[in-house]
Amino acid sequence: MRLTIQMLISHGRVARKMGLGPESRINMLRNILTGLVRHERIETTRGRADEVRFYAEKLIDYAKKGDTDEKAMKMANFWLTEKDLIPKLFKVLAPRFETQPKAYTRMARIPNRENLDKAAMAVLEYKGNPFPPLQTAKRDNDLTLINQLLKGYREQRAQQAAAKVEA
Amino acid sequence: MACRTVCQLLQRRLASSAASVRLSAAEERGRRSAVFSREQARQRSLYPRTEKIEVTLQIPGLQGTLLVMNKGLSTPHSCARHLTEWYVTSSALALVDGKPWSLHQPLTQSCSLSLLAFKDTDPLLVNQAYWRSCAALLGQVLQDAFKEDFSVELLRLPEVLVTSGAFCCDVVLDPQLDAWNPSEESLRSLTRGAQQLIHRDLPWEPLEVAPPVALEVFSHSSDTHLRCVFIHVYGTHTHSCLTSYLSLRCGDHVLLSGGPLVARTGLCSQYEVTAIHRLGEGKWGLHRRAQGLSLPLQQQAHHTVWRKLRSRAEKLVEVPTGSTNEAISDTLTPPSAPEQTPPQQ
C-alpha cells in the first residue's frame, strides 16, 4: 500500500494500541480484567481502564447466561487467568446484576501518578462492591431552576404524546 | 382594620379625582421614586445611634460564626461581604430566622442568617423569588417600552409555578393599541430592553411600607392606577389584610410585590420575552399577558435546550384567578354594601 503521511496521522481513529501488538493488548486487558474480578475495584491508567470497561461489561453479560452455557464457560475460562475466580463470576457477580440491563461498572478519574511518567489514572469498579463509595462528578440536584423547567417540559411532552395516542 | 381604613381612603380618593392634572409617565415615576427615597430615609433615621446586633451564620461550613453588625443599617449583603466574594456574587436570597428576606433589606435585630444560592439542595424559595423578579423586570420593560402618548398599566404579577414554563405579567395597554399584535421584531426589541436593564446590574431595593404610604406612592389622578395597585397586591395575597406591604425600587421604577425578590438584575443571564397573549376584555380594557423565560447566571442552558424551553414558554400559561376577583370587588363596592369582615389580627 502507499506509504503516505496520512498513515502516520491518527485523526478519527478510535481503536487504541496497547503494548506490543493486538495479542499483547488482549493479554494485558485479560490481566487487568482478572484483577478487577478479584478485587472489584482497581486503579490503572485512564486508557486501560476505559478499554477494560467494555470487556468487563461483556463478561457480565456472558456470565448472566449461567455456568451451564458452553459459550459463557469458554469466555470465562479465556478471560480469567486465575481459575478460582470463575465460580465467583457466576455465583456472585452475575446474580448481583440480574436486575440491571447494562452499566455494571463505574470509572472515576483520579490525580496523575506520582512517578516520572505522570500518567493519568482512573479507578474502575464493579457497582455494588463492599467498599465506601467513590466520588464521581455530581449532577445538579433535581430542584434547581433549569431542572424544574425541563421537568415541566418533559411532562408536557408526555401529556401531548398520551393525548395523541388516545386520538 | 388597616384594610378598612385603606378602603375608605380609596373611596374618598375615587370621589374627588375629578379635575387633577395627569402627570406624564416619566414625571409620575420620578414622583414615586422621590416618595420612596423619602420613606427610605425616614426609616433609616429611626436608628440615629449605631447599635450593634449579633448575626449568627447558618451556612454549611461556617455554622455558628458570629458577625457583629449595625442595627437598621446592615443587610445580608453586607454580611456576605464579610465572607468571600463567592457569597456576594452567588447569593440570591437570605433566610433570616427561617423567613425569606431580601438581600438588601436592613436587619433590625439579632438573628440567624443563611444565604441561599441557586445550586443549593433546596432552592425552591430562590426559584420562586427569581421568577417573581423576572416578572417584575418584564413589567418594568413594558412600562418603558411604549411612547409617552400610550399608557401602559401594570395589572398584576401573578404567582406562577416554575414548572409551568414561563413567568407572566398582566398589563392593559392604551385603547389605541387594541388592534396591535406584537411581531417577532417587537418581542426582540423588548428582550433587548430587558438585557439593557440586566447589563446595568441594578439592585432591587426593598422597603416595608405602611398602607397610607403605599397609597401615597401609588396615588394618581387616574382611577385605574389605584385599582391596579390593589389588584397588584391583592392579586398576590389572598384575603389577607396586611399591616405592611413590600415595595421595591429598581432604577426609578417602584412596584409592590407579594414576596421578596432576588438581589440584583445582574443575576439573570439568559432573558427573553417570548409572547404577549390577549386575555379578552376585562374591567379596565383589553387584558394582555406578557410572558417570558429566563435563567440565572449560574444555570445557563445550552442553546438547544434553551430553544426547546423557549418554544414551550410561547404558549399561554394558565394562572388560577379565583380569590383575587372577590378581593377586588370588595374594595371597589361603596361602604353601604355589606362588607366582608376582615380577618382578626
Side-chain angles (χ1 to χ4, degrees), chain A residues 11-14 41 46-47 49-50 53-54 99-103 105-112 120-123 125 127-167, chain B residues 60 90 92-93 116-135 160-168 262 267-272 274 291-319:
Chain A
H11 282 179
R13 301 200 196 173
V14 291
R41 182 187 280 181
R46 236 169 254 175
D50 196 47
R53 248 187 132 176
F54 168 80
T99 45
Q100 287 175 12
K102 40 186 178 176
T105 57
R106 188 182 286 129
M107 187 168 108
R109 303 195 299 188
I110 52 181
N112 292 358
M121 299 294 278
V123 165
E125 63 168 12
K127 290 184 186 170
N129 62 65
F131 306 119
L134 279 178
Q135 244 203 3
T136 41
K138 271 190 289 195
R139 280 182 58 180
D140 259 351
N141 139 43
D142 252 341
L143 296 170
T144 56
L145 189 66
I146 188 168
N147 285 340
Q148 288 279 289
L149 285 169
L150 285 170
K151 181 176 132 190
Y153 175 79
R154 264 180 252 130
E155 276 168 13
Q156 200 189 51
R157 288 280 287 229
Q159 272 175 4
Q160 283 172 351
K164 255 193 199 168
V165 166
E166 276 175 36
Chain B
S90 75
L93 204 63
L116 305 176
F118 289 103
K119 288 200 176 178
D120 287 348
T121 35
D122 190 12
L124 291 172
L125 283 170
V126 182
N127 291 348
Q128 270 311 112
Y130 183 75
W131 227 229
R132 244 178 264 135
S133 329
C134 291
V160 186
L161 280 182
V162 169
T163 39
S164 58
F167 48 83
C168 333
V262 290
L267 279 174
C268 323
S269 77
Q270 294 170 301
Y271 192 107
E272 271 197 53
T274 45
Q291 286 177 200
L293 180 66
S294 171
L295 280 171
L297 207 54
Q298 290 94 6
Q299 303 242 299
Q300 295 183 6
H302 191 253
H303 65 88
T304 46
V305 174
W306 177 258
R307 214 169 288 161
K308 293 187 176 149
L309 292 174
R310 195 191 181 289
S311 61
R312 185 180 176 221
E314 282 169 9
K315 302 190 189 113
L316 181 66
V317 167
E318 300 295 324
V319 171

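The structure displayed is predicted, hence computed values, not measured ones. No hydrogens, no waters, no symmetry mates; every other heavy atom, side chains included, goes into these values. Order of the sequence lines fixes the chain letters, A, B, ..., with proteins taken first and strands second; residue numbering starts at 1 for each chain.
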key: Results of side chain to side chain donor-acceptor pair (under 3.5 Å) for A:D50 - residues two or more places apart only   = A:R16
Toward chain A, the part of B:V126 with a non-hydrogen atom under 4.5 Å = neither
B:L293 portion near chain A, given a 4.5 angstrom heavy-atom threshold = side chain
Shortest non-hydrogen separation from B:F167 to B:C134 and the atoms involved = CE2-CB, 3.3 Å
key: Set of residues satisfying side chain to side chain donor-acceptor pair (under 3.5 Å) with respect to A:R106, sequence neighbours excluded   = A:E125
inquiry  = If you compare all heavy atoms of B:C168 against all heavy atoms of B:V319, which two are closest, and at what distance to 0.1 Å?
reply    = SG-CG2, 4.2 Å
Interface of chain A and chain B, donor-acceptor atom pairs under 3.5 Å:
unit_1 : atom_1 : unit_2 : atom_2 : d
A:N141 : ND2    : B:D120 : O      : 2.8
A:N141 : ND2    : B:T121 : O      : 3.0
A:L143 : O      : B:N127 : ND2    : 3.0
A:L145 : N      : B:Q299 : OE1    : 3.4
A:I146 : N      : B:Q299 : OE1    : 3.4
A:Q156 : OE1    : B:R312 : NE     : 3.4

remark   = Distance col, row A:T105:OG1 vs A:K127:NZ, nearest 0.5 angstrom, shows 7.0 Å
ask   = Would you find a donor on one side and an acceptor on the other, under 3.5 Å apart, between the side chain of A:R46 and the backbone of A:R109?
value = no
message = As an exercise, state the distance from CG of A:L145 to CG of A:L150, rounded to the nearest 0.5 Å.
response = 9.5 Å
